[in-house]
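Only this structure's heavy atoms are used, side chains among them; waters, hydrogens and symmetry mates stay out. Numbers here simply count residues along the sequence, with the first being 1.
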Amino acid sequence: MPNPHPEAFPLPPEQIRALLDAAWACRRNEPQECVRVSRLVLAQPLDAAELARAILCLGCGLLFQGEFILAEPELRRALHLYGELADQEGQRISLNVLGTVKVRQGSPVEALALFLQVRHLSVALGQVQGEIDALNNIGGTYVFMGDHPNALHHQLLVLGLSRQHGMPYVERIALNNLSMTYNNIGRHDDALQAALACLQVQAEDEPTLDAMAFQNAGEAHFGLKRFPEARVMYLKASGLIGHAGDQSALAVLHLCLGQVAQQQGNWEEARRLFEQSLETCQKLGDEIGHAKSLLRLGELLGECGQVEDALSALHRARVLAEAGQLRSELCEIDLALSRLYRQVGRYQEALTHIEQYLQLNGELFSAASDQRIQSLRVQFDLEQAERERQAAQHLNAKLEATNRDLRATQAQTAELLVQLEQHANEDALTGLPNRRAFDAALADLLPDQQISLVVCDIDHFKSVNDRFSHLVGDQVLRQVGALLKSQLRRGDLLARYGGEEFVLLLTEVSQTDILTVCEHLRRNIEDYDWSTVCPELGLTVSLGAAVAWLEPTSVLQDVMRVADDALYAAKHAGRNRVEVKQVAPSVS
């Protein structure tokens, strides 16, 4: 782990990132080091993202140190900072850790609200593992509250997700959690089935999960009063846990094995196991385990007739439970004391402890009921918020679909307008620009350039229609248009002006050159093999051209009139001819 000297400030960004990575990695196993490194980083100048992460690391370290009161404000501060950064992943992690703090503080309803937010946020982010973690925490919180139906519901959701996404490790955890919950509610057959299913899942070797499954199977057998089978399962779990070195879990298994020995009448073995568990819990400072070990030992001693030793163990257990505010354990201890006092005829003490048991049990029941009601309210509120979010999402989806349809319609309309514009400016028969398009092109001409307008008319076109049919006449018009178009330069404009008349607009062509161009066009029409269109068909054209220098005062209609006059002259001179005229400049 990076360990800079405190005087080496300020630290470079890459070292700050390395320190934060190290703090996060050791938050569970070395929480004191996590806290130390986080505070070291917080003494540095940080940007908003680094500050949020450093505070989150500090809150996690404090949580795993057991400093729940100190951890909460840090985690809420981290949550606020991530909210300002719009960092949903940071918010998700902060909410999750804060929920864990609230569970440890004994505030399961608040924890439940936080974990439900984590789940909805994970779903929104598309994080399956995040949703699974949230569901596991929700299920664990319901177990803490004694709400086993809701716990089972969420554990089954985890099991479904793990199988859907091919996550065998998560599947094993879900099956173990289900087995524990089934045991808690007395459904020991279901608990055994879930534990055995966990052992059959093919996954990476994980002794801790195997040990948990064997322990769950042992508890199921114990609940079914199959004590030899329970002992076998507990011993398998004990062997795996002992190898892993988890003394706290081993102490729990010693209690379990002690209870089996007690049920089988092996009191010496039971006492040895209870005392072994007691010794381990004392060394670890495990108050709950310490109290439970004394409780089991006291019950055993009472059963063996060692009343004074039994009462001593139970009263020591009660002191521990009362000091640690272990109300569930305290309730169980008072019931055991009441039974033992009644067994030896000390009815007043028995009455005192049974009254304490009933009062505390009633309080626990009321608290559990209140928690269930509050949890239902929280769940209803969040589900209502989720329904509203989904409704808004559905509405947004509909709006988006409407917008897409609108955009598609607009695109179709634009395309249709283009097509309409094209049709409005195009001759349907020949595909050439029509008179409207040609007149628009003339209107866009700039002054101070020389232009030539050529009018081309098919000679005796009426006789073609009369002799060969209008269908042939249409073919002739298309072919004449194609022949004229094939001879034009880039930038020249050819249009069908109406009937059998075509017009050409050419720029920067002198009077001599336009004559050559028009003669070439005329011969091209005359020399074409028109029999390919219709047998015995022959065709010629007459062309009239006007050459003009455009001036700001030029009138294009005058240029067109001169071209028409030139065409008339060509027709009058016998057709199949070209006439070119120069347009005189206007006089200002």
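- Within 6.0 Å of NE2 on His165 lie more than 12 heavy atoms contributed by other residues, nucleotides or ligands.
- With sequence neighbours excluded, the residues that form a side-chain contact (heavy atoms from CB on, under 4.5 Å) with Asp47 are Ala49, Glu50.
- Looking at residues two or more places apart in sequence or on another chain, you find a side-chain contact (heavy atoms from CB on, under 4.5 Å) between His80 and Glu84.
- With sequence neighbours excluded, no residue forms a ring-ring contact (aromatic ring centres under 6.0 Å, His included) with Tyr169.
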Would you be so kind as to tabulate the donor-acceptor pairs closer than 3.5 Å made by side chains of residues 539-546, with sequence neighbours excluded?
from   : atom 1 : to     : atom 2 : distance (Å)
Thr540 : OG1    : Asp459 : OD2    : 2.7
Ser542 : OG     : Asp459 : OD1    : 2.7
Ser542 : OG     : Asp459 : OD2    : 3.4
Ser542 : OG     : Asn576 : N      : 3.0

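- For residues 538-549, no pair satisfies salt bridge (charged side-chain N to carboxylate O under 4.0 Å, His left out), with sequence neighbours left out.
- Evaluation of the salt bridge (charged side-chain N to carboxylate O under 4.0 Å, His left out) rule for Asp87 yields no partner, not counting sequence neighbours.
- For the side chain to side chain donor-acceptor pair (under 3.5 Å) test, residues two or more places apart in sequence or in another chain that qualify with Glu171 are Arg163.
- Minimum heavy-atom separation, Leu62 to Leu70: CD1-O, 3.7 Å.
- Distance check, rounded to the nearest 0.5 Å: CG of Leu521 to CG of Leu488 gives 7.0 Å.
- A salt bridge (charged side-chain N to carboxylate O under 4.0 Å, His left out) with Asp427 holds for exactly one of Arg436, Arg496, Arg435; it is Arg496.
- Between the side chain of Arg172 and the backbone N or O of Cys198, at least one donor-acceptor pair lies under 3.5 Å.
- Taking the side-chain contact (heavy atoms from CB on, under 4.5 Å) definition, one finds that Arg17 meets it with Pro13, Glu14, sequence neighbours left out.
- Applying salt bridge (charged side-chain N to carboxylate O under 4.0 Å, His left out) to Asp457 and the options Arg577, Lys462, Lys571, Arg575 leaves one that passes, Lys571.
- Applying the salt bridge (charged side-chain N to carboxylate O under 4.0 Å, His left out) test to Glu131 and every residue at least two apart in sequence or in another chain returns Arg119.
- The ring-ring contact (aromatic ring centres under 6.0 Å, His included) check on Trp530 picks up Tyr528, with sequence neighbours excluded.
- Asn137 places a side-chain N or O within donor-acceptor distance of the main-chain N or O of Asp133, the cut-off being under 3.5 Å.
- Side-chain polar atoms of Asp147 and Asn150 form a donor-acceptor pair below 3.5 angstrom.
- Taking the side-chain contact (heavy atoms from CB on, under 4.5 Å) definition, one finds that Ser510 meets it with Gln450, Thr512, Asp513, sequence neighbours left out.
- Taking the side chain as every heavy atom from C-beta outward, Val509 and Val547 never approach each other to under 4.5 Å.
- Asp439 and Tyr497 share a donor-acceptor pair across their side chains, judged by distance under 3.5 Å alone.
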Contacts table for residues 468-486: side-chain donor-acceptor under 3.5 angstrom, sequence neighbours left out:
from   : atom 1 : to     : atom 2 : distance (Å)
Ser469 : OG     : Leu471 : N      : 3.4
Ser469 : OG     : Val472 : N      : 3.3
Ser486 : OG     : Leu483 : O      : 2.7

